[in-house]
Participant: 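First, the structure itself, so that you have it in front of you.
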Amino acid sequence: MEPNNLPNPNPSTDHGISAYYQTRAEHHAVVTSDWLAQAQAAVTRNAAVPEVLPKIAATGGSRAAGSGKAFSVIDEFNYWRKKPDLAEAVAAIMALAAFIRSSEATTMMELEIELKKASDTLKSWDTTSISLSAGCDLFMRYVTRTSALEYEDFNAAKLRLIERGEKFGEISLKARRTIAMLGQDFVFDGSTILVHGYSRVVLEVLKLAASNRKMFRVLCTEGRPDRTGLRFSNELAQLGVPVKLLIDSAVAYTMDEVDMVFVGADGVVESGGIINMMGTYQIALVAHCMNKPVYVAAESYKFARLYPLDQKDLAPAIRPIEFGVPIPSGVEVERNARDYTPPQYLTLLFTDLGVLTPSVVSDELIQLYL
Amino acid sequence: MDSRRLPRTVIDPKVRLVGFFTSGDPPPARFNPNTADATAATAAAISSSSQNSDINLTGNSLSPVMIPPLRRMSPRRCDEMQMPIGSYNPSESLLGTSPSRRGINGPDFSEVATSAWLGISGSMKAAASFPGSSGEMMMVGKNGGNALVKNMDTTELAAKTVPGVTEKDGGTLTDMKNEGAGTVRHQKQMTTRAERRAIQEAQRASKAAAMMDGKGGKSIASTGGGAPSISNQEKVLKQSQKKDGPQETGATSEKKVSRNPDKDRKKDIPQPRMQFDDKNRVEKAKRRAVVNQFEARNRVELFRHLPQYEHGPQLPYLESKFFHLDNIHPSVYKVGLKYLSGTITGGNARCQEMLLAFREAIIDYSTPPEKVLVRDLTSKIGSYVSFLIECRPLSVSMGNAIRFLKNRVAKLHHNVSESEAKSRLISDVDRFINEKIIVADQIIVQHAVTKIRDGDVLLIYGYSTVVEMILLHAHEQGKQFRVMVVDSRPKLEGKILLRKLVMKGLSCTYTHINAISYVMHEVKCVFLGASAILSNGTVFSRVGTACIAMVAHAFRVPVLICCEAYKFHERVQLDSICSNELGNPDVISNVPGKEDVNHLANWADHKNLQLLNLFYDATPSDYVSMIVTEHGMVPPTSVPVIVREYGKDQFIF
């Protein structure tokens, strides 16, 4: 990801429009090698997380052994996760769906208990991941919320559960495509989009918009300490979309020329707010103040039954922050990796259920948990 | 709105003409010529604008109740008329009407109240104190011919049965019912103003006589209806409810209404449309008239649509009547008196006590010969409800519970034996109390304690049973937190909660509502209870709650409303005026314990001084951060979702 390879992010008049489309055609729908490398790095980075927290690895291992079955939900999970563009939660959902299929339980009660155990195992793989636990919970509710459970015939009921589980998995897999189709409508020609964090959903939206020959440019925040901005801008540059990198502090400075803000979400909470990478709240506040719309692209399995009242109401996700120089002793570092954006600063949510307002999240959750 | 009404307000306070007059009728001789002219003018104006020509809105000038908006109500009144009478289903009665028309006569948010109100309005009319309601009835009658005919027929039938049923001073009630029904219309046309005036005078005299006996006057809220627009809508609503009342309760409700002879009615003043075929009613009205007259002078214009009761004086009298009941079950009577005296307060307590009283009544119930259990029991329940409304307007929680009970009764199969039916109903009542109140409270407590962390400072207001449970539970879990108890006059309910918390060892601060902006900066979270939550997220709760929520919002302190789902209502209300409850204004003028603060001792003597004692206020949903119900923690925008999802299969949320 050398900056030199990036085409000039600001198309100048002598380049003309033709250059934009020329390079775009070459890169259209091609998985570039460094994109793949990036994905692998992401996978290994995620896999590295449990090692940092030995407890999780140990429990994961013990659970796999303790399940006492040839099928281990963690193995399945890891298999799914290897696919680079799959989200953790979707991998978990697919793993759970496969788990039902291979379960050897003979009664519905037993199956439900096993499913619950498997779900807990997966959730414990990363306790700070909201989408993971939300996805597992929603899967459980969706699958068991069927009158099939009243069937006398266990096999028929199990078939029904498998069917629902795989359907949910499929919906989740396709969620990104659905959201991309809905979201790219909001990108109009000549628009300037501000992006924060590295969200594969947002990337999908922008990819689809670009492939639909829309002309827009993107401003990426740097996204310290994860350097999400650098990765994201690399991707966009390969699509031929003009990209400009900003440091995180320059958001208010550039907000005037921004037409809309696109962010993803780690989780969508019941109030309609989102939990996302640190800095999202700031950007949403500035955008709200300057009357710029904030669009959130989030799959529906990220709807969590949390209701934070303020920033401290969440369990913090600690990430190491490198300042490049040693921190003097006695100085504390705020290492939380995410924040909560209340719903009043969000304009719309793009989900696979449709384009929703934030208040619909609770509606959907209530219906699901009815 | 007041300024708009000023030209029409009573010129002679003593001679306030409440109620509607048939157009063309000369005003009662008692009235001043100028007021008569004014009324004639307004009547003409109104009748021209409305389709009803009979309703004489001249009363407007004489009574605050007569508000021009009535005009606009006429089409709605037709709708009202269509509504199934006798149905306490708020949605049914409300959806047909304009939303602002709620609780015209002051019953709280529930439609039940309003329909029961119809019963009351009947009685009020009897007292000649309900210009608004009568007017509306008449208007409706005039308007929707067909619908009205239907209603009128029913009410006429009801009216007919009334005389047989009278036991209390039911005459007035009967009057009301008849009035409400078509009879009103007929009667109005028959009596001239002079006759009505004479009747009112007679009523007033008899009322004075009754007053001597120590009965209090019952002042049923003037139908006036506050703001013109509100009053219109309220009137429409009231009317619809009135329609419900007579149908449902029939004679019994009328009887129950007459139970309020002791309540001061605002409309005691000349009642132009009283039905005076029953001497009893006349007597009753007279008695009431005297007391009301006194009250009426100092009622706030804006709230004339709400009933204002004067409780104290009639309590001993009512207690003495305990053994003369025929139609009211003693436990229901007891509960009613407890409401009246203020022994039971709070949404949950009132609802629970009422349901337990109904349970007793059902246990003791036996179907009279040649009657169907379903219908008879429904009408009996309706009559009990009317009685309770007379004691104190229903709250939303009570309204929903009544709706639930009626639905269960209606769902009984005809071929079910009586004992089986009764046992089913009793188990339904028990289940309701258990599921919707007791268990719901426990779940709410579990959800809400997760929001309390060590070192928090919580602010609470007033006395909510759920909030009390939450705090005590969190304390038992060992969390370290402080509580700021905010209180307000005149009820000073916070003191009760304060005592309970301090006894359990919580560290509390006690302050008055004037100081909330002073203390709010250190508050972490505000916990409030609610009497009702409406579909647009508006929270109805004890007066003062809106202030607390607003200040908390300004300080960016989250506001949590803890409320069981059975208090949700599909109604929408935009302000605190159109539906509320008025209390005794004297408690405002007195400060207990400080006898030297008696500047307002003679407040009633001042014509320009009006005291207002409101019970509830509406908190907009913007100030509410979260609502904790047994269905989880939801944002205020999800209230209609819960109403929709959980309401359809259970008739209650």
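Numbered from 1 within each chain, the chains take letters A, B, ... in sequence-line order.
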Participant: Do B:K479 and B:D456 sit within salt-bridge range, that is, some charged N less than 4.0 Å from a carboxylate O?
Facilitator: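 Salt bridge between B:K479 and B:D456, a charged N being under 4.0 Å from a carboxylate O: no.
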Participant: Is A:K174 paired with A:E170 through a side-chain N to carboxylate O contact shorter than 4.0 Å?
Facilitator: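 A salt bridge is present here (some side-chain N lies under 4.0 Å from a carboxylate O).
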Participant: Kindly assign one of parallel, tilted or perpendicular to the pair A:F186 and A:F350, based on the angle between their ring planes and the thresholds 30° and 60°.
Facilitator: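 Because their plane-to-plane angle lies in the 30° to 60° range, the rings of A:F186 and A:F350 count as tilted.
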Participant: Which answer fits A:P343, side chain, backbone, both or neither, if we ask what part of it has an atom under 4.5 Å from a heavy atom of chain B?
Facilitator: neither
Participant: Heavy-atom pairs under 4.5 Å with chain A - which of B:R556, B:M626, B:M633 has more of them than the others?
Facilitator: B:M626
Participant: Select all residues of residues 260-267 of chain A having any heavy atom within less than 4.5 Å of some heavy atom of chain B, and report them by number, or 'none'.
Facilitator: none
Participant: Do A:D313 and B:R453 meet the salt-bridge criterion of a basic N to acidic O distance under 4.0 Å?
Facilitator: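 Result for this pair is yes, salt bridge flagged.
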Participant: Quick one: which of A:L306, A:L309, A:V361 has the most heavy-atom pairs under 4.5 Å with chain B, could you say?
Facilitator: A:L309
Participant: Between B:R431 and B:N434, do the side chains contain an N or O donor and an N or O acceptor separated by less than 3.5 Å?
Facilitator: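 Absent: no donor and acceptor within the cut-off.
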Participant: Students often mix this up, so state it plainly: with edges at 30° and 60°, are the rings of B:Y623 and B:H553 parallel, tilted or perpendicular?
Facilitator: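 The arrangement is tilted - the two ring planes meet at 30° to 60°.
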Participant: Between B:Y566 and B:N348, is any side-chain donor less than 3.5 angstrom from a side-chain acceptor?
Facilitator: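 Judged by distance alone, the side chains do pair up.
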